[in-house]
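Encoded as structure tokens, the structure appears first; notes follow it.
We're numbering straight along the sequence, starting at 1. Quick note: numbers below take in every heavy atom, side chains included, and nothing from hydrogens, waters or symmetry partners.
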Amino acid sequence: KVYEKPRFMTIREAIEQLLEVESKRAENVYGEDTFCVGLARVGGSDQVVASGAMGSLRRYEFGGPLHSLVIPGEMHFLEEQLVRSFSVEA
């Protein structure tokens with residue numbers, strides 16, 4: 001076995017891996033248009049919160065670790081309104 005040096009996974013890497021699994025399994029669970037929320041360095045003075053389609057977040061630059069990716073289920077309209085206020089899409 002070949003082991004890589006330990007490192008933190010980025011949001012981009014997580015999305016790419018999820019989309020790769022979806023393309024192999026073809027279960028139609030999520031795709032480029034799936035709405036997600038990306039967070040980086042939560043609680044820090046330089047925290048980042050961004051929302052949008054997987055395809056858009058994959059191209060967004062979140063900076064250094066730690067990163068979190070959230071794929072929300074059904075949301076209350078107020079939750080959705082708040083989360084969409086962090087949209088990276090025009």
Side-chain angles (χ1 to χ4, degrees):
K1 292 185 176 183
V2 176
Y3 294 99
E4 290 186 16
K5 184 177 178 182
R7 60 189 171 92
F8 296 108
M9 181 181 287
T10 66
I11 291 169
R12 177 176 293 123
E13 290 169 331
I15 290 172
E16 287 172 355
Q17 287 184 17
L18 288 167
L19 292 175
E20 181 181 343
V21 169
E22 177 60 38
S23 71
K24 289 179 180 177
R25 292 187 176 187
E27 294 179 356
N28 201 29
V29 177
Y30 40 77
E32 290 275 340
D33 296 329
T34 300
F35 183 76
C36 297
V37 182
L39 304 106
R41 298 170 307 287
V42 175
S45 60
D46 61 342
Q47 78 177 11
V48 176
V49 179
S51 68
M54 275 189 173
S56 297
L57 291 184
R58 183 168 53 176
R59 293 182 294 275
Y60 190 79
E61 180 53 54
F62 285 90
L66 293 169
H67 291 187
S68 296
L69 177 66
V70 178
I71 304 173
E74 190 174 328
M75 293 186 280
H76 185 275
F77 75 94
L78 289 175
E79 293 172 316
E80 187 172 353
Q81 192 175 42
L82 175 68
V83 169
R84 290 195 185 275
S85 70
F86 296 101
S87 179
V88 298
E89 300 164 345

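- Evaluation of the side chain to side chain donor-acceptor pair (under 3.5 Å) rule for Glu80 yields Arg84 as partners, not counting sequence neighbours.
- Counting Ile, Leu, Val, Met, Phe, Trp and Tyr side chains that sit under 4.5 Å apart, directly or through other members, Phe8 shares a hydrophobic cluster with Leu66.
- Between Gly64 and Ala40, the shortest heavy-atom contact is O-CB, 4.3 Å.
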Verdict with reasoning, Leu39 to Gln47, per side chain to side chain contact (heavy atoms under 4.5 Å, CB included):
CA-CA 7 Å; Leu39 304 106; Gln47 78 177 11; over 6 Å; no
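- Pairing each heavy atom of Cys36 with each of Pro72, the nearest pair is CA-CD, 4.1 Å.
- Listed by chain and number, the residues in a side chain to side chain donor-acceptor pair (under 3.5 Å) with Arg7 are Glu4, Glu13 (sequence neighbours excluded).
- Applying the side chain to side chain donor-acceptor pair (under 3.5 Å) test to pairs two or more places apart or on separate chains, those with a residue in residues 50-59 are Glu32-Arg58, Ser56-Glu89.
- Note that CG of Leu18 and OG of Ser23 are 11.0 Å apart. Values are rounded to the nearest 0.5 Å.
- With hydrophobic clusters built from ILVMFWY side chains whose heavy atoms lie under 4.5 angstrom apart, Val49 does not share a cluster with Val88.
- At a threshold of 4.5 Å between non-hydrogen side-chain atoms, the residues Ile71 and Met54 count as touching.
- Hydrophobic cluster membership for Val2: none, as no Ile, Leu, Val, Met, Phe, Trp or Tyr side chain comes under 4.5 Å of it.
- One N or O on the side chain of Glu22 and one on the backbone of Glu27 form a donor-acceptor pair closer than 3.5 Å.
- Expressed to the nearest 0.5 Å, how far CD1 of Ile15 lies from CG of Leu57 amounts to 5.0 Å.
- Val37 and Val48 are members of different hydrophobic clusters when ILVMFWY side chains are connected at heavy-atom separations under 4.5 Å.
- Alongside Leu78, the hydrophobic cluster contains Phe77 (criterion: ILVMFWY side chains under 4.5 Å).
- Counting only residues at least two apart or on different chains, the side chain to side chain donor-acceptor pair (under 3.5 Å) pairs with a member in residues 34-44 are Arg41-Asp46.
- The same ILVMFWY cluster, assembled from side-chain heavy atoms under 4.5 Å apart, contains both Val42 and Leu82.
- For Glu20, the salt bridge (Lys or Arg N to Asp or Glu O under 4.0 Å) criterion is met by Lys24, not counting sequence neighbours.
- Every residue two or more places apart in sequence or in another chain was checked for a salt bridge (Lys or Arg N to Asp or Glu O under 4.0 Å) with Arg12, and none qualifies.
- Sorted by first and then second residue, the ring-ring contact (aromatic ring centres under 6.0 Å, His included) pairs with a member in residues 16-60 read Tyr60-Phe62; sequence neighbours excluded.
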Should Val70 and Val83 be marked as a side chain to side chain contact (heavy atoms under 4.5 Å, CB included) after you check the CA-CA gap, both sets of side-chain angles, and the distance that decides it?
CA-CA 11 Å; Val70 178; Val83 169; over 6 Å; no
